[in-house]
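Counting starts at 1 for both ligands and their atoms, following the listed order. The structure displayed is predicted, hence computed values, not measured ones.
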Amino acid sequence: MSNDLFTVPEDWRKNAWCDDARYQKMYEESVNDPDAFWTREAQRIDWFEPFSKVKNSSFNGDVDIKWFLDGKLNVAYNCLDRHLENRGDQTAIIFEGNEPGVEEKITYRQLYERVCRFSNVLKSCGVKKGDRVSIYLPMIPQLAVAMLACARIGAIHSIVFAGFSPDALANRITDAECTILITADEGLRGPKAIGLKEAADEAMDKAGMVKKCIVVKHTGADVPMKAGRDVWWHDLTAKESTECPPEHMDSEDPLFILYTSGSTGTPKGVLHTTGGYIVYTSLTHQYVFDYHDGDIYWCTADIGWVTGHSYIIYGPLANGAVTIMFEGIPNYPDFSRFWQICDKHQVNIFYTAPTVVRALMQQGDEPVKATSRKSVRLLGTVGEPINPEAWLWYYRVVGEERCPIVDTWWQTETGGIMITPLPGATDLKPGSATRPFFGIQPALIDKEGNQLDGPGEGYLVMLDSWPALARTVYGDHRRFKSTYFIQCPGTYFSGDGARRDEDGYYWITGRIDDVINVSGHRLGTAEIESSLVAHPAVSEAAVVGFPHDIKGQAIYAYVTLSSGFEPSEELRKELSLFVRKDIGPIATPEVLQFTDSLPKTRSGKIMRRILRKVACNELDNLGDTSTLADPAVVEALIKNRIDAC
Ligand code: WT7
């Protein structure tokens, strides 16, 4: 890991919401006097009726988590209505289409009117408070409208990433018992059109319960419409009024369900509620991204993931921000697209995933340097540990050593950012998510369940609740308890490992199920991968453990090479030696397989479960492969696997 320190630039210290002294003061208050802290911070939200108590939560027994008790509010009202007076004509959403040149700027007033209209559509379809609505849309404005309309009338949205298969959609519809599905004719991803309605039809055949399917005409493709069930979005909205009173929701009324996979079983429907979620996403969006009025903010995630929920829509809109929704992909029409968009819309804050940074880095500096990026002030990452190599490239080439990088650690279950630098307050170390956000009390636990003091490495847990924590797994509270609260009783178990250094900085080492134990030594796969990708020949690397007679477990490394490099026995040896030198003999890969690509989910997460099975030669039991972006990758992996078991 890198020990370089990047200190807070003077102008950031002066102009940011928070410098280090203020961070310390606010953090201490947030954990020592949470009532005072959260009572004050909750005032950023408009409440129809004030809350009577800040929190009432227990991680023991039945695990009951409540925030801002008895408060009444509406999330859509907070994202729209309350901004109308002062920023009705300000842009809320900049939609940037898949094709360069396609764009739309939507003001707060226009968004308000569209949301009200669609709220009335939902009501006329019989949707009531508490009903679940399934949404399967590409990154187009109607997605934002649909989710805010659900929030407005108190319906619970369940957004399914538009890259998921019909099967995955069907399972989610069934699990959440959705009778309404909102989709589009097609989605666009670079040069490809994705048949969403076709997939939705297949899903609805499987999950028989959908009564109404509302279809957005996006590409204009000819799609079958089933009489009595399928209706066009534009037909329904045309006749509805642009006024719709917001439902008065209790703080603890559900806002949305979002499915996420764990190490076992089918995906879990993580349930988030209203008051705590919106207070926390709004607060984190302001401080982590140092959002100031008028800033142009762009998070490149898809709204189908929690990052998009919290940091494209809810947090930014609650803060009256200008938020960009991008429909396309980073390499269409070419690898400069992201930076061209930054220039075109004068983006100030840019938030993306390490996998994207690495993919762009692989193309060299030219596509970046062909653009200006002078408007960009702050960079962010989320989703996985970022290797120092990629961090430094992002910092030097993209940010021209001018922009701090906020490496934000959090999870679908946490609702919002948990461990992160604050750009005006935190000195940065490449690869470290640094320090806890206000109100967050991380701790490290060893295998015996003891809490570690000072520097050390262990399981990352949270000692107390925070406003945006998930409240349950939809329909399965027992699973909620057993996934997060029994491993280390009285704490929230994140499933990640982490190291804390002498400065109290956290370094996420990866999922605990990815930890490899070689001859009694524990190694984070992220650490070995980071080492491998630091070699100029390596573009991406994934490391898993496999059973070894003598060492217990040994390391199997999958490596994709940068352009200009070819696999060879020599290079294989060189890379092993490189890791051995970098981390220590214990980290030397036992097996190193070159591969053209790694198996990834459509959100870009490497599917290690599959890599582990291939490494362990458990080929007839690969498990669920329905979330793979490209199934052909697995065949190639198996064909070229190296037998070492
Ligand atoms: C897992 C959660 C939070 C939105 C996107 C992912 C990993 C996330 C970081 C980071 C190291 C990270 C963790 C976590 N992760 N951010 N900054 N550094 N690891 O949400 O799909 O729920 O995944 O992503 O392993 O547990 P998710």
Ring pair (Phe, Tyr, Trp, His ring centres under 6.0 Å) test vs Phe438 passes for just one of Tyr287, Trp466, Tyr27, namely Tyr287
Expected contact list for ligand 1 at under 4.0 angstrom, heavy-atom basis, is Val306, Thr307, Val382, Gly383, Glu384, Pro385, Asp407, Thr408, Trp409, Trp410, Gln411, Thr412, Asp496, Ile508, Arg511, Lys605
Is it true that Asp501 and Lys429 have a side-chain N and a carboxylate O under 4.0 angstrom from each other? yes
Would you call Glu252-Lys66 a salt bridge at under 4.0 Å N-O? no
Would you mind reporting whether Arg435 and Asp503 have side-chain heavy atoms less than 4.5 Å apart? no
Sequence-distant partners of Arg189, side-chain contact (heavy atoms from CB on, under 4.5 Å), two or more places apart: Ile194, Ile329
So Trp12 and Asp290, side chain to side chain contact (heavy atoms under 4.5 Å, CB included) or not? Walk me through it. CA-CA 10 Å; Trp12 268 90; Asp290 194 53; 3.6 Å; yes
